[in-house]
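Note that the structure is predicted; figures quoted are calculated from it, not measured. Below, each value reflects all heavy atoms present in this structure, side chains not excepted, and no hydrogens, waters or symmetry copies.
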Amino acid sequence: MALAEALAERLLAKGSTIPVVPVECLAVCKRPCTIALSADGEWTYLIGDLDTDTHLDEIVGAAEAYATSANGIVPWKERPQSFRKGVVARVPPLPARQQG
């Protein structure tokens, strides 16, 4: 939870409205610390092997790039090195549920 708190503080200090939602477990035990970047109708990224002290600025930058992307896909060249190495998964958007 230390990463979630530090990330929320850093984003708030930058005036960002990107929400940080701490979760207990993403089931990536062999790749701690892991984050997910997700939004409705966009691709979701799981990024592991992150460190609060070393990667916080990279996480903020990646979250900002993700938030401004058209579909959740952050171009490879725009991803920080820790994200290039730490990708656990990129999950396609879920189809919208039809009400019936």
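Side-chain atoms of T34 come within 3.5 Å of backbone atoms of R31 as a donor-acceptor pair (strictly under, hydrogens ignored).
No continuous path of ILVMFWY side-chain contacts below 4.5 Å connects L46 to L7, so the two sit in separate hydrophobic clusters. The cluster map of Ile, Leu, Val, Met, Phe, Trp and Tyr, joined by side-chain heavy atoms under 4.5 Å apart, puts I35 and V20 in the same cluster. Under the 4.5 Å side-chain heavy-atom criterion for grouping Ile, Leu, Val, Met, Phe, Trp and Tyr, V21 is not connected to L26 through any hydrophobic cluster. Cluster annotation: L12 and I18 are assigned to distinct hydrophobic clusters (Ile/Leu/Val/Met/Phe/Trp/Tyr, side-chain heavy-atom contacts under 4.5 Å, transitive). Neither Y45 nor L94 shares a network with the other; the hydrophobic side chains, linked directly or stepwise wherever heavy atoms of I, L, V, M, F, W or Y lie under 4.5 Å apart, form separate groups for each.
Scanning both residues, S38 and T44, for their nearest heavy atoms gives CB-OG1, 3.3 Å. For the residue pair T52 and A6, the shortest heavy atom distance occurs at CG2-CB, 3.8 Å. Minimum interatomic distance between K30 and D49 (heavy atoms only, all atoms of both residues): O-OD1, 4.3 Å. The minimum heavy-atom distance linking E42 with A70 is given by the pair OE2-O, 4.0 Å.
Looking only at side-chain heavy atoms (C-beta outward), D57 and R10 come within less than 4.5 Å of each other. With a 4.5 Å cut-off on side-chain heavy atoms, L3 and I59 count as touching.
Shown here are the salt bridge (charged side-chain N to carboxylate O under 4.0 Å, His left out) partners of R90, two or more places apart in sequence or in another chain: there are none.
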Identify all side-chain donor-acceptor contacts of residues 61-68 below 3.5 Å with residues at least two apart in sequence or on another chain.
unit_1, atom_1, unit_2, atom_2, d
E64, OE1, K14, NZ, 3.3
E64, OE2, K14, NZ, 3.0
Y66, OH, L37, O, 3.4
Y66, OH, A39, N, 3.2
Y66, OH, W43, O, 2.4
T68, OG1, E64, O, 3.1
T68, OG1, A65, O, 3.2

N/O donor to acceptor pairs below 3.5 angstrom from side-chain atoms of residues 71-78, sequence neighbours left out:
unit_1, atom_1, unit_2, atom_2, d
N71, OD1, I73, N, 3.0

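I47 contributes atom CD1, which lies 11.0 Å from atom CD of E58 (distance to the nearest 0.5 angstrom).
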_Evaluate F83 against L50 for side-chain contact (heavy atoms from CB on, under 4.5 Å), listing each step before the verdict._
CA-CA 9 Å; F83 277 50; L50 297 171; 4.3 Å; yes

